[in-house]
Colleague: 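Have a look at this one before I ask anything.
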Amino acid sequence: MALTAAEIWTRLLDRARRDLPAQTFKTWLEPTTALELSGDTITVGAPDRFTAEWNESKHAQLLASYAPVVLGHPIKIVFRVDEERRGRPQMDLFVAPLPDTKDGSQAAGPTSRFQLSLRYTFQNFVIGKSNELAAAAAQAAAAAPGKVYNPLFLYGQTGLGKTHLMQAIAHEILSKAPHLRLCFIATEQFTNELVSAIQTRTTAVFRRRYREVDLLLVDDVHFLKRTEATQEEFFHTFNALYEAGRQIVLTSDKPPGEIPGLEARLVSRFQWGMVADIEPPDLEHRIAILQNKARLDHLELTIPDEVIQFIAHHVWSSVRELEGSIIRLLAYASLKHQPISIELARQALRDKLRPGEDDYLETIHRLTVSTIQSAVSQEWGITVEALCSKTRTKQLTVPRQAAMHLIRELLGLQLVEIGQAFGGRDHSTVIHSLEKVQELQKEPEFSRRLELLRRNLILLPR
Ligand code: ADP
Ligand code: MG
């Protein structure tokens, strides 16, 4: 008997669940439903246009590729907005009229648009594979503030463009609605202001200021203090704005669930909208960023293409580093009165360059079991004691296995030695862990983390 549209879709999704990162699946595919089947075309509904388009461009082909195996025949997949789901009750919140904002209190926000950097616009943001999801989500949030992704949570290592993207959203929204009240604030500033409001008994004023904004941008929420009062205040601010349909954008160096000490209720709220990560740019992307940078700054000295290539090959930890390299190179060239060449770049950027073979060995010699253990613990937000303890919750076993793997790979220790470094485990446990890592590496999120750790460890400052 022929399968219904829903059955077909379930089969394809079941297969996709195995291949896609869990977060991706949850964000994009879980909210879809099969609408109809006509000939060999299945139409699938998505809750909004952005999700429909994203699925169409990113997932339709992958899902269709499973059809011959799971269905026995090819199929064409078309995504469209599911009008019925559009009106889901949750959305009513977003379209609720905003409370009156025209009381002339332009300066209501604790921070104003003047604190935005003029350079941090969408136009100046170079999109590549590593940040396309975050950039697309940011654009969608800017196009329909409070309506599509609320909150928008952007995370990634430092220097990869989180603050830039967050401010680009603000620029975009303000260009269309200049009267909106915006608050862009670093988490530490939020905390400091709260503390002083408590001391001066002015928390009511503090509250009002934050809860009256139309757009709240909070940078680096991983700095949210563990103190109860701060998180409590943040929680209420979040709820008030969210319920009024105001757009909230947050950045962090980790996904919500991995921020140490963050209360569960905040974790869950941060995950309500869209969580998008930014990864380090690949080579092609780094070249594009450098070219863009050279163009933007109307440099007097032109940077030859081969020098751009050289920098892109050797500097890869972050976009900030790339920018820093260009600045340093230009300063060096003007100081030395020399044209920009690869040789000059090599001299100017000596300490930024990826280590050569000799340096590599030298760095490896400086690495120890404990540097690796603490780097891994930090990455997973746990303590070294917990990492080396006997506790076997998943939260600890995964980083523990990763650490054993890195120690084996980078230091070449014997299995027994590794076991000793982790509270005296026997070598069969170590073997099991190393095997487990082989499996875990199939998960893109895990293998990305491992790769970053490996790079950072190798590049450890002297
Ligand atoms: P983060 O907040 O993630 O630490 P920033 O947003 O401060 O990083 O970015 C660091 C620098 O790199 C900024 O000058 C920013 O303009 C630049 N930058 C980051 N990503 C990009 C990009 N994709 N295109 C252009 N510039 C970028
Ligand atoms: Mg930042």
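Atoms within each ligand, like the ligands themselves, are counted from 1 in listed order.
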Colleague: Considering only protein heavy atoms, which is closest to atom 13 (C) of ligand 1, and at what distance to one decimal place?
Modeller: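 I find the closest protein heavy atom is Tyr120 OH, 3.5 Å.
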
Colleague: For Arg119, is the nearest heavy atom under 4.0 Å from an atom of ligand 1?
Modeller: yes

Colleague: Name the closest protein heavy atom to atom 11 (C) of ligand 1, giving the residue it belongs to and the distance to 0.1 Å.
Modeller: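 Ranking protein heavy atoms by distance from atom 11 (C) of ligand 1, first comes Glu323 OE1, 3.7 Å.
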
Colleague: Would you please classify the geometry between the Tyr242 ring and the Trp272 ring as parallel, tilted or perpendicular, with 30° and 60° separating the classes?
Modeller: tilted

Colleague: Among Gly161, Gly128, Pro281, whose heavy atom sits nearest atom 8 (O) of ligand 1?
Modeller: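 Nearest heavy atom to atom 8 (O) of ligand 1 lies in Gly161.
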
Colleague: Using the six-membered ring wherever Trp is involved, compare the ring planes of Phe446 and Trp380 and label them parallel, tilted or perpendicular (cut-offs 30° and 60°).
Modeller: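 Because their plane-to-plane angle lies in the 30° to 60° range, the rings of Phe446 and Trp380 count as tilted.
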
Colleague: Angle class for the Tyr120/His164 ring planes (parallel below 30°, perpendicular above 60°, tilted otherwise)?
Modeller: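 Parallel.
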
Colleague: Show, in sequence, the C-alpha distance, side-chain angles and deciding distance for Thr371 and Thr368, and conclude whether the side-chain hydrogen bond (donor to acceptor under 3.5 Å, both in side chains) test is met.
Modeller: CA-CA 5 Å; Thr371 20; Thr368 62; 2.9 Å; yes

Colleague: For atom 23 (N) of ligand 1, what's the nearest protein heavy atom and its distance?
Modeller: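 Sorting protein heavy atoms by distance from atom 23 (N) of ligand 1 puts Val126 O, 2.8 Å first.
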
Colleague: Taking a cutoff of less than 4.0 Å between a non-hydrogen atom of the residue and any ligand atom, is Gly159 in contact with ligand 1?
Modeller: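 A heavy atom of Gly159 does come that close to ligand 1.
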
Colleague: Quick check: does Ile289 get an N/O under 3.5 Å from an N/O on ligand 1?
Modeller: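 No - when backbone and side-chain N and O of Ile289 are compared with those of ligand 1, no distance drops under 3.5 Å.
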
Colleague: Tell me which protein heavy atom sits closest to atom 25 (C) of ligand 1, plus the residue, atom name and distance to 0.1 Å.
Modeller: Asn124 O, 3.2 Å

Colleague: If we ignore hydrogens and angles and just use 3.5 Å, is the side chain of Thr187 paired with the main-chain N or O of Leu224 as donor and acceptor?
Modeller: no

Colleague: Using heavy-atom distances, let me know which of Gln157, Gln167, His164 sits nearest atom 6 (O) of ligand 1.
Modeller: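 Selected option, by shortest heavy-atom distance: His164.
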
Colleague: Within 45° of the six-membered ring axis of Phe422 and under 6.0 Å from that ring's centre, is NZ or CZ of Arg400 located there?
Modeller: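 Judged by the rule (NZ or CZ under 6.0 Å from the ring centre, within 45° of its axis), Arg400 is not positioned above Phe422.
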
Colleague: Just which atoms of ligand 1 are under 4.0 Å from any heavy atom in Thr158?
Modeller: 4 (O)

Colleague: Report yes if the side chains of Leu63 and Val44 come closer than 4.5 Å at any heavy-atom pair, otherwise no.
Modeller: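 No, side chains not in contact.
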
Colleague: Nearest to atom 2 (O) of ligand 1, what protein heavy atom do you find, and at what distance?
Modeller: Thr163 OG1, 2.7 Å

Colleague: Among all the protein's non-hydrogen atoms, which is closest to atom 27 (C) of ligand 1, and how far away is it?
Modeller: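 So the nearest neighbour among protein heavy atoms is Val319 CG1, 3.4 Å.
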
Colleague: Just by distance, with hydrogens left out, do Tyr210 and Glu233 show a side-chain donor and acceptor under 3.5 Å apart?
Modeller: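 Absent: no donor and acceptor within the cut-off.
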
Colleague: Hey, is ligand 1 close enough to Asn131 that some N/O pair sits below 3.5 Å?
Modeller: yes

Colleague: Distance alone, cut at 3.5 Å: any donor-acceptor contact between the side chains of His236 and Glu232?
Modeller: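 There is such a pair (donor and acceptor under 3.5 Å, judged by atom type) between the side chains of His236 and Glu232.
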
Colleague: Out of Leu290, Ile278, Leu160, Asp253, whose heavy atom sits nearest atom 20 (N) of ligand 1?
Modeller: Leu160

Colleague: Hey, is the main chain of Thr121 close enough, under 3.5 Å, to the side chain of His171 for a donor-acceptor pair?
Modeller: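 Absent.
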
Colleague: Taking 2.8 Å as the cut-off, does an N/O/S atom of Thr158 lie below it from the Mg ion (ligand 2)?
Modeller: no

Colleague: Measure the distance from atom 7 (O) of ligand 1 to every protein heavy atom, then report the residue, atom name and distance (to 0.1 Å) of the closest one.
Modeller: Arg320 NH2, 2.9 Å

